[in-house]
Every structure is written in C-alpha cells, then in structure tokens.
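In what follows, every heavy atom counts, from backbone to side chain, and hydrogens, waters and symmetry copies are set aside. In this chain, residues are counted from 1 in sequence order.
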Amino acid sequence: MTTDRTQQPTGTGAHPQHDADAYGQEPARIQEPAPVLDASAVLAAAERFPWALAAPQTRHWPDGSFLDVALSAVRPEERKGYTERLVAFVEQHQARLEELLRGYGPGSTPASHGRYALIGQPETLVILERMESVPFLLHGLWEEEYEEIFLRDLEFAWGPRTRLSR
C-alpha cells in the first residue's frame with residue numbers, strides 16, 4: 001500500500017510549506033499604509049536651525065519649492081519619525097552645515113557668480129539628509145523635476161560619500 005502525498009490539505013497552517021496557493025504565492029498580508037509626511041512640519045523643523053540657514057530676505061525660494069522632490073525621496077518605511085531623523089542629522093552635522101553656509105551661501109564668492117542657490121534654504125537640509133541616505137533615489141527623482149545644476153552644485157559643496165554627477 002502506497003501513500004499519496006499529493007492529497008494532503010493545503011493552507012491549514014499544519015504544514016507551512018503548503019501554505020502557498022497553487023502558483024506558489026504567499027497569502028496576501030494586510031499592511032498598514034505608510035504615514036504621510038507633513039511638509040509644513042518638516043519645514044518648521046528645518047527652520048529651527050538658523051545657523052544653517054540664510055537670512056529669510058536672502059533666500060531664493062521662500063516658499064520651499066524644492067521640498068516636494070526631497071520629501072518624495074523619503075521611503076515609506078522611513079516616514080514615521082522622519083522629522084526627528086532630520087533634526088538628528090542637522091545636529092550631527094552642525095559644523096559642516098555652518099561651513100557650507102559660510103563658504104557657499106548667500107554673500108560668498110561662489111554664490112556671487114549665481115551658483116549654489118540652494119545653500120541656505122530650509123529645504124536644503126532635507127536634500128542633504130537624503131543625499132547622505134539615498135543618493136541614487138534622490139538623484140533619479142531630481143532629474144525628473146529640476147535642472148541638475150542645482151543638485152550638482154550642492155553635491156560639490158557638501159562633498160558626499162557618493163558623487164553622482166558626471
């Protein structure tokens with residue numbers, strides 16, 4: 001007498017290797033939706049660091065127009081607690097951010113030639129954090145929205161670990 005192993009019940013949990021459907025797919029799992037980032041809360045957090053920002057009257061984009069593309073580079077699993085992550089990043093890099101503003105921000109020699117326009121903008125703190133965390137994702141999203149020169153200038157001045165510009 002032989003036993004027919006193909007007649008075993010599936011999906012019961014008794015045999016985890018048989019809990020897949022006929023196509024080998026795992027049963028669908030209900031996932032919570034990713035939290036939505038509050039752009040105004042992120043921008044307000046960036047504004048708390050005046051030592052990293054240009055004076056409001058010298059900012060090129062007082063409306064935070066580059067913030068959307070920077071926030072689109074925050075992956076769903078990173079959204080919860082992102083504002084706190086940004087604050088930690090800025091605090092960790094205070095000396096570097098102060099030097100960046102001094103060397104390339106409004107009133108500096110490089111900025112007087114019309115370059116480095118993002119430096120000193122509040123949303124630049126988000127861009128820099130994303131540049132350090134997910135440089136390839138940020139660059140890909142940026143190319144879809146804005147001229148690359150803005151990001152290249154910022155990348156050059158910041159000097160990230162991974163250079164994406166050519």
Side-chain angles (χ1 to χ4, degrees), residues 26 28-166:
E26 290 294 323
R29 307 257 190 257
I30 298 175
Q31 294 181 352
E32 291 183 33
V36 176
L37 277 174
D38 180 359
S40 60
V42 172
L43 199 57
E47 293 275 2
R48 294 193 318 223
F49 301 99
W51 45 262
L53 304 174
Q57 66 273 19
T58 64
R59 295 183 190 164
H60 299 284
W61 297 280
D63 63 346
S65 63
F66 286 90
L67 187 61
D68 289 341
V69 73
L71 290 179
S72 70
V74 178
R75 297 176 297 215
E77 65 272 12
E78 296 175 312
R79 291 180 186 162
K80 185 177 181 182
Y82 180 74
T83 301
E84 293 79 12
R85 178 185 178 130
L86 176 65
V87 167
F89 172 84
V90 173
E91 289 172 345
Q92 178 186 359
H93 295 283
Q94 179 174 352
R96 194 172 174 191
L97 288 164
E98 289 172 332
E99 181 62 32
L100 179 72
L101 184 61
R102 235 183 346 269
Y104 295 93
S108 69
T109 301
S112 69
H113 299 290
R115 303 288 298 266
Y116 306 100
L118 284 174
I119 296 173
Q121 307 296 315
E123 60 270 30
T124 299
L125 300 178
V126 178
I127 296 167
L128 291 171
E129 188 280 325
R130 295 287 77 198
M131 192 182 290
E132 286 286 313
S133 300
V134 288
F136 295 104
L137 175 59
L138 176 65
H139 203 269
L141 294 168
W142 193 276
E143 288 176 340
E144 296 173 9
E145 298 289 328
Y146 298 109
E147 294 179 40
E148 282 188 74
I149 193 69
F150 292 116
L151 193 58
R152 286 182 183 173
D153 283 348
L154 185 58
E155 181 183 56
F156 175 80
W158 183 248
R161 298 174 301 218
T162 306
R163 287 229 184 252
L164 298 175
S165 58
R166 293 157 181 84

Has the side chain of Arg130 got a donor or acceptor atom that lies under 3.5 Å from a matching backbone atom of Ala73? yes

One pair to check against side-chain contact (heavy atoms from CB on, under 4.5 Å): Leu100 and Ile119. What are the steps and the verdict? CA-CA 7 Å; Leu100 179 72; Ile119 296 173; 3.8 Å; yes

Here the pair of heavy atoms bringing Pro35 nearest to Pro76 is CD-O, 4.3 Å

Determine, using ring centers only, whether Tyr104 and Trp158 are less than 6.0 Å apart. no

Restricting to non-hydrogen atoms, name the atom on Glu129 and the atom on Leu86 that form the minimum distance, rounded to 0.1 Å. CB-CD1, 4.1 Å

Fit a plane to each ring of Phe49 and Trp51, take the angle between them on a 0 to 90° scale, and name the class: parallel (under 30°), tilted (30 to 60°) or perpendicular (over 60°). perpendicular

Which atom names give the shortest non-hydrogen contact between Leu125 and Ala52, and what distance separates them? CD2-CB, 4.0 Å

Determine the minimum heavy-atom distance between Ile127 and Leu138, stating which atoms define it. O-CD2, 3.6 Å

Quick check, are the ring centers of Tyr116 and Phe150 under 6.0 angstrom apart? no

First locate atom CE of Met131, then atom CD of Glu155, and finally report the distance between them rounded to the nearest 0.5 Å. 5.5 Å

Might you confirm whether atom CD of Glu77 has over 12 heavy atoms from other residues, nucleotides or ligands at distances under 6.0 Å? yes

Let me confirm one number: the CZ-CD1 distance from Phe156 to Ile149, rounded to the nearest 0.5 Å. 11.0 Å

Minimum heavy-atom distance between Leu101 and Leu53, given as atom pair plus value: CD2-O, 3.4 Å

Gap separating the NE2 atom of His139 from the CZ atom of Phe136, nearest 0.5 angstrom: 9.5 Å

Charged N to carboxylate O under 4.0 angstrom, Glu99 versus Arg102? yes

Answer yes or no: is there an ion pair linking Glu78 with Arg75, defined by an N-O contact shorter than 4.0 Å? yes

Locate the shortest heavy-atom distance separating Leu43 from Glu123; write the atom from each residue and the value. CD1-N, 4.1 Å

Distance, nearest 0.5 Å, that separates OG of Ser108 from CZ of Arg115: 12.0 Å

